[in-house]
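In what follows, a structure is listed as structure tokens, so that the remarks can point back to it.
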Amino acid sequence: MGILQRMSMIFRAKADRALDRAEDPRETLDYSYKKQLELLQKVRRGVADVATSRKRIEVQISQLSGQGTKLQDQAQRALSLGREDLAREALTRRSGLETQIIDLQTQHSALQGEEEKLTLAAQRLQAKVEAFRTRKETIKASYTAAEAQTRIGEAFTGISEEMSDVGMAVQRAEDKTAAMQARAGAIDELLASGALEDPTGIAKDDITAELDRLASTSDVELELSRMKQELTAGPAEPPRQIEGQAQPTGDPLATPQSQPQQDEGRP
Amino acid sequence: MIVRIMGEGQLEVDDSRMRELNSLDDALGGAMESGDDERFRRALMALLDAVRARGTPLADDVLVDSDLVLPYAEAHIDEVREMLSDEGLIPG
């Protein structure tokens with residue numbers, strides 16, 4: 001016997017066993033209907049859960065993208081300060097983020113697919129539950145207990161297979177969502193701790209710290225050379241002229257045009 | 001002939017297509033026995049494609065049990081084995 005037929009027999013055996021357990025077939029109808037409504041609720045909750053996970057991943061993708069942009073800016077700022085090593089570090093971290101973003105995008109589309117499937121499953125189940133309810137009322141109203149039995153069997157096996165299938169689909173969706181939520185939780189923690197910016201976890205965003213340090217060092221140097229100029233040229237001279245005279249000293253940190261560049265990249 | 005694709009719903013497939021489906025089903029059985037998930041996956045995809053292409057989806061409000069049931073597309077060979085052996089896996 002083929003696999004497909006064996007599969008269908010397993011579903012049918014489930015339905016038959018449930019039907020056999022019932023003492024009064026008519027009660028089976030009401031009991032099954034109650035179970036159907038419960039399952040319908042469960043599927044709808046499942047759709048909502050998957051949607052929540054999907055949205056959470058969307059937020060994470062945009063947060064990680066923001067980090068990526070920030071690292072790109074830092075790399076540019078570091079390069080303009082002549083620190084290629086820092087720029088390289090920033091770009092390396094950015095490429096690590098890219099990998100994570102791609103991974104999240106894969107998860108996102110998987111969840112989207114799951115959400116669509118479950119939404120359709122909920123629609124199908126709702127239509128079947130409604131059909132079952134109509135049939136249940138007809139059977140209860142128009143047949144004797146004995147006559148009702150066969151008709152109940154027909155209605156019951158039809159819905160039972162659907163319920164088993166949908167029940168398993170919801171379970172699969174829940175398992176997938178739970179696995180992804182665990183990973184999403186880990187990324188949230190990383191984002192919150194700032195460790196994504198600093199793999200060593202020692203300092204928060206060490207690249208920014210280093211860039212700020214570089215900028216303030218050159219501020220100090222600039223101020224010092226300005227003071228030195230004042231001492232040699234005398235206090236009566238206006239600062240504009242002093243800065244102009246600073247250039248021939250050959251100190252690159254004292255050049256006035258480097259100052260605005262350093263300030264631009266600061267957050 | 002009513003065919004269910006787990007997780008997707010039921011379709012009606014004309015009886016004239018049974019020979020084709022049976023040979024694809026045999027290939028799936030062979031793949032299951034071999035234990036090779038790759039081969040199982042190819043056989044399952046071929047079956048799913050055939051049923052989706054030849055079948056007409058049943059209306060949502062039709063209550064009827066299926067003659068054949070196909071595992072869901074992402075099913076792993078071990079999951080299908082378990083479904084066939086361990087009846088506890090299917091709720092109801």
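Keep in mind that the numbers below use all heavy atoms, side chains included, and drop hydrogens, waters and symmetry copies. So that the names make sense, note that chain A is the first sequence line, chain B the second, and so on, each numbered from 1.
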Part of [X] within contact of chain A (heavy atom distance under 4.5 Å):
| X | answer |
| --- | --- |
| Leu21(B) | neither |
| Glu8(B) | backbone |
| Leu44(B) | neither |

Task: Result of checking Leu70(B), Val69(B), Asn22(B) against Leu4(A) for side-chain contact (heavy atoms from CB on, under 4.5 Å) - done: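 Exactly one candidate clears the test, Leu70(B).
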Open item on the list: For the interface with chain A, which of Val80(B), Val62(B), Asp26(B) has the highest count of heavy-atom pairs at distances below 4.5 Å?
Closed with: Val62(B)
Task: Among the listed options Asp60(B), Asp61(B), Val64(B), the residue most often paired with chain A at heavy-atom distances under 4.5 Å - done: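 Top option by heavy-atom pairs under 4.5 Å: Asp60(B).
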Open item on the list: Just verifying a value: how many Å separate Leu84(B) CG and Met9(A) CE, rounded to the nearest 0.5 Å?
Closed with: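 Result: 11.5 Å between the selected atoms.
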Task: Separation between CG of Asp65(B) and CZ of Phe11(A), rounded to the nearest 0.5 Å - done: 11.5 Å
Open item on the list: Quick check on the interface: out of Glu162(A), Glu130(A), Gln123(A), Gln5(A), who has the most heavy-atom pairs with chain B under 4.5 Å?
Closed with: Glu162(A)
TODO: Go through Arg12(A), Lys35(A), Lys117(A) and name the one with the most non-hydrogen pairs under 4.5 angstrom from chain B.
DONE: Arg12(A)
Open item on the list: Could you check whether Glu79(B) pairs with Arg172(A) (Lys NZ or Arg NE/NH1/NH2 to Asp/Glu carboxylate O, under 4.0 Å)?
Closed with: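 Here Glu79(B) does not pair with Arg172(A) in a salt bridge, since their nearest N and O are not under 4.0 Å apart.
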Task: Per-residue contact mode, Phe156(A) against chain B (heavy atom under 4.5 angstrom) - done: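 Nothing of Phe156(A), per the 4.5 Å heavy-atom cut-off to chain B.
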- [ ] Check Ala59(B) against Lys128(A) and note the closest heavy-atom contact, atom names and distance.
- [x] O-NZ, 4.0 Å
Task: Nearest non-hydrogen partners of Ser66(B) and Ser8(A), listed with the distance - done: O-CB, 3.7 Å
TODO: Might you confirm whether atom CE of Met18(B) has over 12 heavy atoms from other residues, nucleotides or ligands at distances under 6.0 Å?
DONE: yes
